[in-house]
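Below, chain A is the first sequence line, B the second, and so on; all start at residue 1.
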Amino acid sequence: MDVMEELAESSEFNESKGPCLAFRQAASVLKSLPSAVRCLGAIQGLPWLGEHTKAVMEEILTFGRSFKVEEIRCDERYQALKLFTSVFGVGPKTAEKWYRRGLRSLKEILTEPNIQLNRMQRAGFLYYSDISKAVSKAEAEALGCIIEETVHWIAPDAVLALTGGFRRGKEYGHDVDFLLTVPEMGKEEGLLLHVIDRLRDQGILLYCDHQGSTFDVSKLPSCRFEDMDHFQKCFLILRLEEGQVEGERGLQRDPGDSRGWRAVRVDLVAPPVDRYAFALLGWTGSKQFGRDLRTFARKERQMLLDNHALYDKTKRNYSYRRLLRRTSLPIWVWSMWSLGREMHKHLPLTDTDTIPTLYIQYIKGSQTPSLGNTFCHEVERRFCRFIKANFLQFYTFWHVLFNI
DNA sequence: CGGCCTACG
DNA sequence: CGTA
DNA sequence: GCCG
């Protein structure tokens, strides 16, 4: 139900953080259902669908539309803020500032002399028409080939993995996310900078926001070794040439566009290999899935989860990291493989935004790790249980299967 | 009635 | 403030 | 707005 997303957006513009979140949760639950809701009975007992959201749904089911939603769609302020925030680098605050100045269109922003755009926003406006167009799976794969070639030229043993929405089975996305890693610990140091340099040499780097590893020896003498490796990531805009895209459709572009290329938003992340499982988890899940997982970690397990590790607050160490260190096997391969297999048993759906079909194809090609290692088994067991215990979509799907 | 993900620049 |  |  796109309606819930619209209500969430409207709440966000009204600075109502709570309702915004509630509507997003509701949207997430509805998206995870195997089919569209036909009557109110079908959503009995589902989480995050309370009095208000149900009332809106009833309105739509009986009249085909909701008065409140129609009102929001027509609202001048909502339309303007939606337009402004669609620009890369422009959030609710900046959009609000422009709206209060009486500005209503993108052209008015660009012609207003008193407005100072930052680097991100300048890129956002410069490539606006391209970036706001959907990216197809074929285009994502084409970019994967280009980047992979560049990466292999630098480090032949490096592995590039498609993550984000495309890994969840989506056909279109607003950007393309990749994870880049090397089998040997530490060899990923500086790799990303090297890759960026090569992309620049090739003339396809249109914009680059690099977030280098924040390591400063003078600044953190007290910090432990474990704390220093915030892995590298970068937000890019790349130039994708026509003819590099496979398939009969080729490039996504407007009729009458004869440039022969388009700009695409690309994210590159380069974690050390022992953090691969966490990076993959973090960058494959949707925004909402990540929130659910991290909330669960903190509230239910007294742990802290991020894209690098799972931190146990009671034990004061990185719980899985210790286990990972003590095993000779590339343990992340094993945990992701089992996790993926477990997920697919229960979640045959692959085509919605909120169901991260955790990727296992790459692992399938390699051998099945030998059993009998108690560390492997323990990590696998805890990891699987952890995910399943909080997977909102899992709960929803389970509910549909057994309670209706 | 308080909390709502967590990290980076 | 913005990005994921 | 929904939940614990």
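In the region residues 90-101 of chain A, proximity to DNA chain C at under 4.0 angstrom, judged on heavy atoms, holds for A:Val90, A:Gly91, A:Pro92, A:Lys93, A:Thr94. A heavy atom lying under 4.0 Å from DNA chain C marks none of the residues of residues 135-148 of chain A.
Rounded to whole Å, the distance from CG on A:Leu117 to P on C:dG2 is 13 Å. Whole-Å rounding puts the A:Leu236 CG to C:dA4 C1' distance at 13 Å. The distance between atom CZ of A:Phe88 and atom C1' of C:dC1, rounded to the nearest whole Å, is 14 Å. Counting to the nearest Å, the C1' atom of C:dT3 and the CZ atom of A:Arg119 are 13 Å from each other. For the pair A:Asp209 CG and C:dG2 P, the interatomic distance rounds to 14 Å; values are reported in whole Å. Atom NZ of A:Lys233 is separated from atom P of C:dT3 by 13 Å (rounded to the nearest Å). Residue A:Gln116 contributes atom CD, which lies 19 Å from atom P of C:dC1 at whole-angstrom precision. Taking atom CD1 of residue A:Ile237 and atom P of nucleotide C:dT3, one finds them 11 Å apart after rounding to whole Å.
Under the 4.0 Å criterion applied to side-chain N and carboxylate O atoms, A:Arg119 and A:Asp209 are not assigned as salt-bridge partners. Between A:Asp257 and A:Lys133, none of the side-chain N atoms (NZ, or NE/NH1/NH2) sits under 4.0 Å from a carboxylate O, so this pair counts as no salt bridge. Using a cutoff of 4.0 Å between basic side-chain nitrogens and carboxylate oxygens, A:Glu5 and A:Arg24 are scored as salt-bridged. Between A:Glu59 and A:Lys68 there is no salt bridge, since no side-chain nitrogen of the basic residue lies less than 4.0 Å from a carboxylate oxygen of the acidic one. The residues A:Arg73 and A:Glu70 are annotated as salt-bridged, a charged nitrogen and a carboxylate oxygen being separated by less than 4.0 angstrom.
Heavy atoms of A:Glu51 sit under 4.0 angstrom from primed sugar atoms or phosphate atoms, though from no base atom. Using a 4.0 Å heavy-atom cutoff across all strands shown, A:Thr53 reaches sugar-phosphate atoms only and no base atom. Within 4.0 Å (heavy atoms only), A:Arg265 reaches sugar-phosphate atoms of the nucleic acid but no base atom.
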Distances for protein N/O vs nucleotides 1-5 of chain B N/O pairs under 3.5 angstrom?
residue : atom : partner  : partner atom : Å
B:dC5   : O2   : A:Arg294 : NE           : 2.2
B:dC5   : O2   : A:Arg294 : NH2          : 2.4
B:dC5   : N3   : A:Arg294 : NH2          : 3.4

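Listed by chain and residue number, nothing satisfies the salt bridge (charged side-chain N to carboxylate O under 4.0 Å, His left out) test with A:Glu58 (two or more places apart in sequence, or in another chain).
In this structure, A:His210 does not reach the B:dC8 phosphate: none of its side-chain N or O atoms is under 4.0 Å from OP1 or OP2.
Sorted by first then second residue, the salt bridge (charged side-chain N to carboxylate O under 4.0 Å, His left out) pairs that include residues 194-208 of chain A, not counting sequence neighbours, are A:Asp197-A:Arg200, A:Arg198-A:Asp201.
Side-chain proximity of A:His52 to C:dA4, D:dG1, B:dT6: nearest is D:dG1.
The shortest side-chain heavy-atom distance between A:Leu21 and A:Arg291 falls under the 4.5 Å cut-off. Using a 4.5 Å cut-off on side-chain heavy atoms (C-beta onward), A:Arg253 and A:Glu242 make contact.
Between A:Leu199 atom CG and A:His194 atom NE2 the span is 10.5 Å, to the nearest 0.5 Å.
Spacing between D:dC3 and B:dC5 at atom P, rounded to whole Å, works out to 15 Å. Look at the P atom in both C:dA4 and B:dC4: the space between them is 23 Å, to the nearest Å.
Within a 6.0 Å sphere centred on CD of A:Glu112, heavy atoms belonging to other residues, nucleotides or ligands number more than 12.
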Less than 3.5 Å apart, which donor and acceptor atoms pair up between the side chains of residues 93-100 of chain A and the rest of the protein, not counting sequence neighbours?
residue : atom : partner : partner atom : Å
A:Lys93 : NZ   : A:Glu15 : OE2          : 2.9
A:Glu96 : OE1  : A:Arg77 : NH1          : 2.5
A:Glu96 : OE2  : A:Arg77 : NH1          : 3.2

